Amino acid sequence: MPAPDDHSAGQARAAIQAALGSIGFCLPGSIVIRRTRCGKPRCACKADPPALHGPYIQWTRTVKGKTVTRTLTQAQYDTYVSWFANARALRALAAELERLSLGEMARAEGWAKITPGTPAPPRTRPVRAPNHPKTPKTPGDPLA
């Protein structure tokens, strides 16, 4: 059974929970704002300096394993930009909660951090016996 939370870890968890409760709607994916050149040879986008077309606001996300891209208008982008920011904040808070949980589990179980140069912790599984069925047989072994 894990030991009770450290006071600072409990405070950090409470802060994460409060922040999670204040997050509104979230939209997954990423936003890219692009300016492009067209294929017309006499277009201003081919000039020096070029006058590129756009901006084109593209929202890309994954749906059922497929990449889906939509072009948003400036008004749509202005409406939903905070929803994309909420999704980033949600991912950051989840990662922080996972990091905090891993630290608390290690503390509760008495596991020390393994750093280069320190001896490895004791094995948790026993070493297989030489005649174990999954152990490869040696050429001189009568059971081989």
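Predicted model, so just to flag it, every value in this text is computed and none were measured.
When all heavy atoms of Val81 and Asp78 are compared, the pair lying nearest together is CG1-O, 3.8 Å.
Interatomic distance, CG of Leu20 versus CD of Glu96, reported as 11.0 Å (0.5 Å rounding). With values rounded to the nearest 0.5 angstrom, Asn86 atom CG is found 10.5 Å from Arg91 atom CZ. Distance check: Leu72 CG to Thr79 OG1 gives 10.0 Å after rounding to the nearest 0.5 Å. Taken from NZ in Lys46 to NZ in Lys40, the straight-line distance is 10.0 Å, to the nearest 0.5 Å.
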Residues 23-37 side chain polar contacts: donor-acceptor under 3.5 Å, at least two apart:
unit_1	atom_1	unit_2	atom_2	d
Arg34	NH1	Gln58	OE1	2.2
Arg35	NH1	Gly54	O	3.4
Arg37	NE	Cys45	O	3.0

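Annotation: Tyr80 is not in aromatic contact with Trp59 [ring centroid separation under 6.0 Å not met].
When the side chains of ILVMFWY residues are joined at heavy-atom separations under 4.5 Å, either directly or via intervening members, Leu97 and Leu102 end up in two distinct hydrophobic clusters.
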